[in-house]
Amino acid sequence: MASAIITSSKLYPFPSPSLKPSLFLRSTFLPFPSSITLPSFPSKSCPKSLPISSSLNPNPPSSQRCPPYIPNHIPDPNYVRVFDTTLRDGEQSPGATLTSKEKLDIARQLAKLGVDIIEAGFPAASKDDFEAVKTIAKEVGNAVDGNGYVPVICGLSRCNEKDIKTAWEAVKYAKRPRIHTFIATSAIHLEYKLRKSKEEVLDIARNMVRFARSLGCNDVEFSPEDAGRCMLVFAWGGLIISGALNDSYFAVAVVSDREFLYEILGEVIKAGATTLNIPDTVGITMPSEFGQLIADIKANTPGIENVIISTHCQNDLGLSTANTIAGACAGARQVEVTINGIGERAGNASMEEVVMALKCRGEHVLGGLHTGINTRHIVMASKMVEEYTGLHVQPHKAIVGANAFAHESGIHQDGMLKHKGTYEIISPEDIGLERSNEAGIVLGKLRFLTFTNSMVLCYLELDMNVGVGPMGGRHALSDRLKELGYELDDVQLGNIFWRFKEVAEQKKRVTDADLVALVSDEVFQPDVVWKLLDLQVTCGTLGLSTATVKLIDADGREHVACSVGTGPVDSAYKAVDLIIKESVSLLEYSMNAVTEGIDAIATTRVLIRVEKSHLSTHALTGELVHRTFSGTGAGMDIVVSSVKAYVSALNKMLGFKEQYPAKASSIERTPASS
């Protein structure tokens, strides 16, 4: 007999500790009806113990081409489709607003990576989101490469006709369009968010998938939101139940939720869904639980053999990558991921982590699972998303972090000098990171490039210097940037080169981090509406800080303004406001030194919001949210860096207003529960 008392917390209700754990962790332990078959997990495709492999093996597996695209079938049973939702779920990260140009740039980079599906956005959110998805569908969705590859362009929609019709109008221009529609299915969402019965939700899901197919879309993905909690039994609101309560009571509750999940999935398959996405919306499941959930769905959903099973795992407990791999082992053949793992709250499964896990371990440990991703474009994609969103990657982030291939321990360095495989399971070249220091040795804390007065660029690597003449400096800089993962055109390289010379003349020693900051300041910037030409500030303890700012507009005309403020940055920002005449609120301001030392380059990031802000609809909650704009700047003078960041954010905002002059607040709104 189980305990008679159940308690819950406001965020996640938990069963009483005295209840048997098996009732909540694995459905195979429950007294399910005999008509339901429940396979064990892991599946046969994932043997428990096989030799370890890595991308550093002498004979790595040859890259396999993507199989022909069929919406509801993959000819290669071991091929895993990569569904990238950086532009939709990733952009929901606080402060990560992207412009249409930035979204298009990222979509093109995702196509270079070879992702199978690009979820380009939530078209019903606002007019600008609609136009961005439409542009990506027209340009990236029709760019067929020499091998016949072209990504599927997907638009998200809630389960209502308006959303679905808007999504179709945006994605229909692509060669391979997809509509992704969702509705909540967990008990807590049905009771508190939707306030609908299971029968009502079932009817909505079935009818809306059928409606999407009726528009002419033959590729429809359906997501039962919060499906991860359809396998868990909770008590909400601090409910206290007195008296005896036996185990079979809980078993019936679990079966009810799971059977509803199987039923709704079966019905949308009949209605025409081609992909079933199983989201762990709140990131609550353990890998064994999520893998079991996928296995159970595969075993108990009628018609499941006619669709693709997908995973979408949030990272609230830091298990999104593990859960995604567990889902693929159990039979999912599409994984939903984002670059750098960005997304709502703690983020999503990281594309680079999932892909490299399959690349390193797929052949021998994961039953041959593989993707079609060209991993050599991972670093550039990571840097582009980092710079455009302003969400910096932590140094110890797997695969793309600054320390991912750095070795400082003496024992590790000794091993690396003898054989790189001693402490690296992935070759940095596999992800597009080429290092001149073959062993990745860290001598001290910094690696330097030096630029002498005679304009000779030298690499200081271990015990050797490689010098090049004045004409070779540009080429040497280009080579180093390529090693860092940047592929720049001639104009961009020229601008970086002259900025590099200016910095080198002041600090003499230029690090890789300095180069990255310069690239960010020159390449990953919005279209220029205003540009900082000159800045002069006076500050101190003897009086008010004053700033004189000279900006140049898009037509080449110069504008000068002066202002006072509480400090040099405040006075400079007020002077900029006098010129641009836009009423904005500064929401965030942060500054970092990219290296140690008093002569370090400073990078600044700001986040602004217009007073009469554009509004967009949050995909999951239906709430209206204010659009924000971020900007970055870099310079050896911290005030100059700050003003550059502020002007960058204003340029992004002005470009947005010019492209979408209509008031976003006039957009017809659809309740999230519809």
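Heavy atoms only: backbone and side chains are in, while hydrogens, waters and symmetry mates are out.
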Point to revise | Derivation of the salt bridge (Lys or Arg N to Asp or Glu O under 4.0 Å) call for Lys298 and Glu305 | key: CA-CA 8 Å; Lys298 190 175 180 181; Glu305 67 277 3; over 6 Å; no

Study note, to complete from the structure: For Pro177 and Val171, the nearest pair of non-hydrogen atoms, with its separation, is CB-O, 3.1 Å

Practice item. For the residue pair His180 and Ser223, confirm or rule out a side-chain donor-acceptor distance under 3.5 Å. Key: yes

Revision key, fill the gap. In short, Thr181 meets Cys159 closest at the heavy-atom pair OG1-SG, 3.4 Å

Point to revise | Lys/Arg-Asp/Glu bridge criterion (N-O < 4.0 Å) met for Asp76, Arg333 | key: no

Practice item. Check whether any side-chain heavy atom of Leu87 lies under 4.5 Å from a side-chain heavy atom of Glu119, and answer yes or no. Key: no

Point to revise | Criterion side chain to side chain contact (heavy atoms under 4.5 Å, CB included) on Ser382 and Val393, from CA distance to verdict | key: CA-CA 9 Å; Ser382 172; Val393 174; 4.2 Å; yes

Check your understanding: Does any donor atom in the side chain of Asp105 or Tyr388 lie under 3.5 Å from an acceptor atom in the other side chain?
Key -> yes

**Study point:** Flag side-chain contact, heavy atom, 4.5 Å: Ile294 against Ile309
**Key:** yes

Exercise for review: Kindly write out the residues that satisfy side chain to side chain contact (heavy atoms under 4.5 Å, CB included) with Glu169, not counting sequence neighbours, or none if the list is empty.
Suggested key: Phe130, Lys172

Review point. Any side-chain heavy atom of Ile342 sitting closer than 4.5 Å to one from Thr389?
Key: yes

Check your understanding: side chain to side chain contact (heavy atoms under 4.5 Å, CB included) between Arg81 and Ile117: does it pass, once the steps are laid out?
Key -> CA-CA 8 Å; Arg81 288 176 178 167; Ile117 302 101; 4.2 Å; yes

Practice item. Compare all side-chain heavy atoms of Lys193 with those of Glu225 and state whether any distance is below 4.5 angstrom. Key: yes

Exercise for review: Please name all residues satisfying side chain to side chain contact (heavy atoms under 4.5 Å, CB included) with Pro75, sequence neighbours left out, ordered by chain then number.
Suggested key: Pro67, Pro68, Ile70, His73

Review point. With a 4.5 Å heavy-atom cut-off, do Leu293 and Leu261 have their side chains touching?
Key: yes

Practice item. Could you check Asp316 against Arg345 for salt bridge (Lys or Arg N to Asp or Glu O under 4.0 Å), going step by step and ending with a plain yes or no? Key: CA-CA 7 Å; Asp316 296 68; Arg345 301 186 313 279; 2.7 Å; yes

Exercise for review: Would you check, one step at a time, whether the test side chain to side chain contact (heavy atoms under 4.5 Å, CB included) holds for Glu91 with Thr86?
Suggested key: CA-CA 6 Å; Glu91 202 203 5; Thr86 302; over 6 Å; no

Check your understanding: Do you know the tightest heavy-atom contact between Val354 and Ala349?
Key -> CG2-CB, 4.2 Å

Practice item. Using a strict 4.0 Å threshold on nitrogen-to-oxygen distance, state whether Glu131 and Lys103 make a salt bridge. Key: no

Check your understanding: Taking only residues two or more places apart in sequence, or in another chain, which ones meet Asp219 in a side-chain hydrogen bond (donor to acceptor under 3.5 Å, both in side chains)?
Key -> Tyr69, Arg178, Thr274

**Study point:** Student check: side-chain heavy atoms of Pro151 and Asp116 closer than 4.5 Å
**Key:** no

Review point. Is there a donor-acceptor contact under 3.5 Å linking the side chains of Ser320 and Asn348?
Key: no

Check your understanding: Is any side-chain heavy atom of Thr375 closer than 4.5 Å to a side-chain heavy atom of Ile378?
Key -> yes

Point to revise | Lys/Arg N to Asp/Glu carboxylate O, Lys270 vs Glu267, below 4.0 Å | key: yes

Point to revise | Under the side-chain hydrogen bond (donor to acceptor under 3.5 Å, both in side chains) test, residues paired with Glu161 that sit two or more places apart | key: none

**Study point:** Presence of salt bridge, Asp296 and Arg258, under 4.0 angstrom
**Key:** yes

Review point. Are Asp163 and Ser157 close enough that a side-chain donor and a side-chain acceptor fall under 3.5 Å?
Key: no

Review point. Can you find a side-chain donor-acceptor pair between Asp226 and Thr281 that sits under 3.5 Å?
Key: no

**Study point:** Qualifying residues under side-chain hydrogen bond (donor to acceptor under 3.5 Å, both in side chains), relative to Thr301, sequence neighbours excluded
**Key:** none

Review point. Regarding Thr275 and Glu221, is there a side-chain donor-to-acceptor distance under 3.5 Å anywhere?
Key: no

Review point. Between Lys397 and Glu353, is there a side-chain N and carboxylate O pair less than 4.0 Å apart?
Key: yes

Practice item. Kindly write out the residues that satisfy side-chain hydrogen bond (donor to acceptor under 3.5 Å, both in side chains) with Arg213, not counting sequence neighbours, or none if the list is empty. Key: none

Check your understanding: Going by heavy atoms in the side chains, are Met356 and Ile426 under 4.5 Å from each other?
Key -> yes

Revision key, fill the gap. Looking only at heavy atoms, the pair that brings Cys360 and Ile425 closest together is SG-O, 4.0 Å

